[in-house]
Amino acid sequence: MSAESLLKQLKPEEIAEIKTAFKEFDKDSNGYITSDEMHECLRRSHVSHDNNEILQVMKNMDSNRDGTVSFDEYMTFMAYLYTGQTPPAPNITKQKGKK
């Protein structure tokens with residue numbers, strides 16, 4: 001299923017909730033979530049986690065493998081979860097010419 005068709009299944013209040021959550025993680029408001037930002041947000045929220053869990057979640061969301069999670073990557077990943085679908089497995093093959 002394409003990301004676009006998946007996003008169309010979300011209710012407006014679900015989209016708003018996902019946007020709010022992204023902003024909580026993206027503390028420097030640069031449009032990307034780093035593993036450090038995710039760690040800090042979870043710590044502030046008193047959510048128990050370890051570094052390996054954060055790295056795995058980041059890997060699952062970071063579809064272009066640039067080491068950060070963009071708003072679009074986050075939105076797509078969360079849309080899978082909100083619609084009860086399993087996100088696709090991350091593509092671990094690096095594209096030629098990419099980081």
Side-chain angles (χ1 to χ4, degrees):
M1 176 173 285
S2 75
E4 186 176 317
S5 62
L6 194 63
L7 294 172
K8 287 181 180 179
Q9 294 180 35
L10 296 176
K11 298 173 186 163
E13 59 270 14
E14 291 173 327
I15 292 171
E17 191 173 284
I18 294 169
K19 285 180 180 180
T20 299
F22 183 85
K23 289 177 184 177
E24 285 296 314
F25 284 111
D26 183 22
K27 279 306 180 192
D28 63 5
S29 300
N30 68 351
Y32 297 91
I33 300 170
T34 65
S35 58
D36 288 342
E37 286 174 318
M38 184 174 287
H39 172 76
E40 180 58 25
C41 185
L42 294 174
R43 187 192 64 73
R44 279 192 320 270
S45 301
H46 305 288
V47 175
S48 178
H49 64 282
D50 66 35
N51 287 336
N52 289 334
E53 290 171 320
I54 290 174
L55 294 175
Q56 186 60 49
V57 169
M58 292 289 293
K59 181 179 174 180
N60 290 340
M61 287 192 280
D62 183 16
S63 61
N64 69 358
R65 298 285 168 255
D66 66 355
T68 62
V69 176
S70 70
F71 176 75
D72 289 341
E73 288 171 323
Y74 185 81
M75 181 62 82
T76 300
F77 185 85
M78 295 306 291
Y80 275 101
L81 299 181
Y82 272 69
T83 59
Q85 299 180 50
T86 303
N91 180 1
I92 58 172
T93 306
K94 290 183 181 180
Q95 295 177 349
K96 214 173 205 178
K98 299 274 182 174
K99 283 185 182 179

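All of these numbers come straight from a predicted model, not from anything done at the bench.
- Side-chain contact check for Gln85 versus Gln9: some heavy-atom pair is nearer than 4.5 Å.
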Exercise. Could you go step by step and tell me if Thr68 and Asp66 meet the side-chain hydrogen bond (donor to acceptor under 3.5 Å, both in side chains) rule?
Worked result: CA-CA 6 Å; Thr68 62; Asp66 66 355; 3.1 Å; yes

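- Within the 4.5 Å cutoff, side-chain heavy atoms of Leu10 are placed close to those of Thr83.
- Atom OG of residue Ser45 and atom CZ of residue Phe25 lie 7.5 Å apart, to the nearest 0.5 angstrom.
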Output, in order, the C-alpha distance, side-chain angles, deciding distance and verdict of side chain to side chain contact (heavy atoms under 4.5 Å, CB included) for Lys19 and Phe71. CA-CA 8 Å; Lys19 285 180 180 180; Phe71 176 75; 3.6 Å; yes

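- Side-chain contact between Glu37 and Glu24 is absent, with no heavy-atom pair separated by less than 4.5 Å.
- Under a 3.5 Å cut-off, the side chain of Glu53 and the backbone N or O of Asp50 do form a donor-acceptor pair.
- Between the side chains of Glu73 and Ser63, at least one donor N or O lies within less than 3.5 Å of an accepting N or O.
- Heavy atoms of other residues, nucleotides or ligands lying less than 6.0 angstrom from CD of Glu13 number more than 12.
- With Asp62 as the partner, the side-chain contact (heavy atoms from CB on, under 4.5 Å) test is satisfied by one option alone out of Met58, Arg65, Lys59: Arg65.
- Judged purely by distance below 3.5 Å, without hydrogens or angles, the side chains of Thr34 and Asp36 never pair a donor atom with an acceptor atom.
- Atoms CE and CG, on Met38 and Asn51 in that order, are 12.0 Å from each other to the nearest 0.5 Å.
- No side-chain heavy atom of Phe22 sits under 4.5 Å from any side-chain heavy atom of Met75.
- At least one side-chain heavy atom of Leu6 sits under 4.5 Å from a side-chain heavy atom of Tyr80.
- With hydrophobic clusters built from ILVMFWY side chains whose heavy atoms lie under 4.5 angstrom apart, Leu55 does not share a cluster with Tyr32.
- Donor-acceptor pairing under 3.5 Å is lacking for the side chains of Gln56 and Asn52.
- Going from atom CD of Glu14 over to atom CE of Met78 covers 10.0 Å, rounded to the nearest 0.5 Å.
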query: Yes or no on side chain to side chain contact (heavy atoms under 4.5 Å, CB included) for His49 and His39, after CA distance, side-chain angles and deciding distance?
result: CA-CA 8 Å; His49 64 282; His39 172 76; 2.8 Å; yes

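- Rounding to the nearest 0.5 angstrom, the gap separating the CG atom in Leu81 from the CE atom in Met61 is 9.0 Å.
- Here CD1 of Ile15 is found 11.5 Å from NZ of Lys8. Values are rounded to the nearest 0.5 Å.
- Separation of atoms CG (Asp26) and NZ (Lys23) is listed at 10.0 Å; rounding is to 0.5 Å.
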